[in-house]
Amino acid sequence: MTAEKNPVARELTRPVRVGDVTVGGDAPVSVQSMCTTDTADADATLSQIARLRAAGCEIVRVAVPNAAALDSFGRVCAESELPVVADIHFDHRLAIEACRRGASALRVNPGNIGSWERVDAVIDEAGAAGIPIRIGVNAGSLDPAFAERGDLTQVEKLVGSAASFVEHFRARGFLDVVLSAKAHGVVTTVEVNRALSRELPDVPLHVGVTEAGGARQGTVKNAAAVGALLMEGIGNTIRLSLTADPVEEVNVAWDLLSAVGLRRLRPEMVSCPTCGRCQWDLMGVAAEVERRLADVRAPISVAVMGCVVNGPGEARDADIGLAGGRGRAVLFAGGEPIRTVDEADAVDELFSEIDRRFS
Ligand code: SF4
């Protein structure tokens, strides 16, 4: 395949197992998301997990905010085909129970659990269950020793809090941690994670921009921050928060991993912006090709170009492509024409060639 490869050497962290997925070590960067359903409604939650899995999600998180959610949590874990992370805030007893009911990992913010004794009770229960803990830190859950320090920047507070939480877990003999320090700003997210990977190089990092906004703004913010970090070899698992259907988070995460040359799950479309040389309805053709590529599993690059004069050459690194021209289109591969087809049949011809070569 002609996908770009990311040349950056990734720093190896301690590998941590979340169900059957390894986070860190030499494992590929994994994709995760979070259910938006009420966990107490196990059917709805399992159905959303199935949709997330079909989109390529590898780890799923569900909220466990109360006893009703806990009641169905065991069934969700038992029937989910993805490892399930229990997301717990404030009440350490819910975290302890989640360990006993089949969680593949916990996500807790030690800064909002209430006391070190309660945090320790959670650590010990996760240790007994043999599951890892993601330590979450954000502006609202800083270590109290850092929260009120007027002499520190927000980045320093987040990094200092995260490092002190990790140290506490280690002192208790618990090493299976994944760390996330999240902000809604791109610059803060990049600076915090750079500092964490420098100061705690052995701890796997869960990266993403939190509260990033709707699909358009959230995609841009996550691509800017997480893309920059991944290009530097930082980040072991990603969750790209969007105020949207969580399936869209997974789609964007895979597009980002593909764009930075780390992993490709699906085809990538290469299409030109068109210009005065464009000789066919490129936008209509590109929309149709993109729609039909959703059913193709091969991780190929497929070009759709506006003119036969420049298109095949400009997209010579695509695995296969179409370039249009006055009622006809050229089907090409590696920059060389395969055959000329009628414009009306061009998309069908492209997909039969994709079927023939790549399925
Ligand atoms: S492929 Fe042709 S139409 Fe598209 S941008 Fe290049 S020159 Fe313009």
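Every number for a ligand or one of its atoms is a count from 1 in the order of the listing. Quick note: residue numbers are just sequence positions, from 1.
Protein heavy atom closest to atom 7 (S) of ligand 1, with residue, atom name and distance, is N310 ND2, 3.3 Å.
Every atom of ligand 1 with a heavy atom of C307 under 4.0 Å away is listed here by number and element: 1 (S), 2 (Fe), 3 (S), 7 (S). Every atom of ligand 1 is numbered from 1 in the order shown, and the set under 4.0 Å from a heavy atom of C272 is 1 (S), 4 (Fe), 5 (S). The atoms of ligand 1 that sit less than 4.0 Å from any heavy atom of E314 are 1 (S), 6 (Fe), 7 (S).
A cation-pi arrangement is not found for R101 relative to F73, the charged atom failing to lie both closer than 6.0 Å to the ring centre and inside a 45° cone about the ring normal.
Looking only at atom types and distance, the side chain of S301 has a donor-acceptor partner in the side chain of D319 under 3.5 Å away.
Between H168 and W116, the ring planes are parallel. Angles under 30° get that label, and only those over 60° would be called perpendicular.
For the residues A315, G311, G324, G306, the heavy atom positioned nearest atom 3 (S) of ligand 1 is part of G306.
Surrounding CZ of R357 are more than 12 heavy atoms belonging to other residues, nucleotides or ligands, all under 6.0 Å away.
Distance check for C275 against atom 8 (Fe) of ligand 1: an N/O/S atom falls below 2.8 Å.
In this structure, CZ on R107 lies 7.0 Å from CE on M34, to the nearest 0.5 angstrom.
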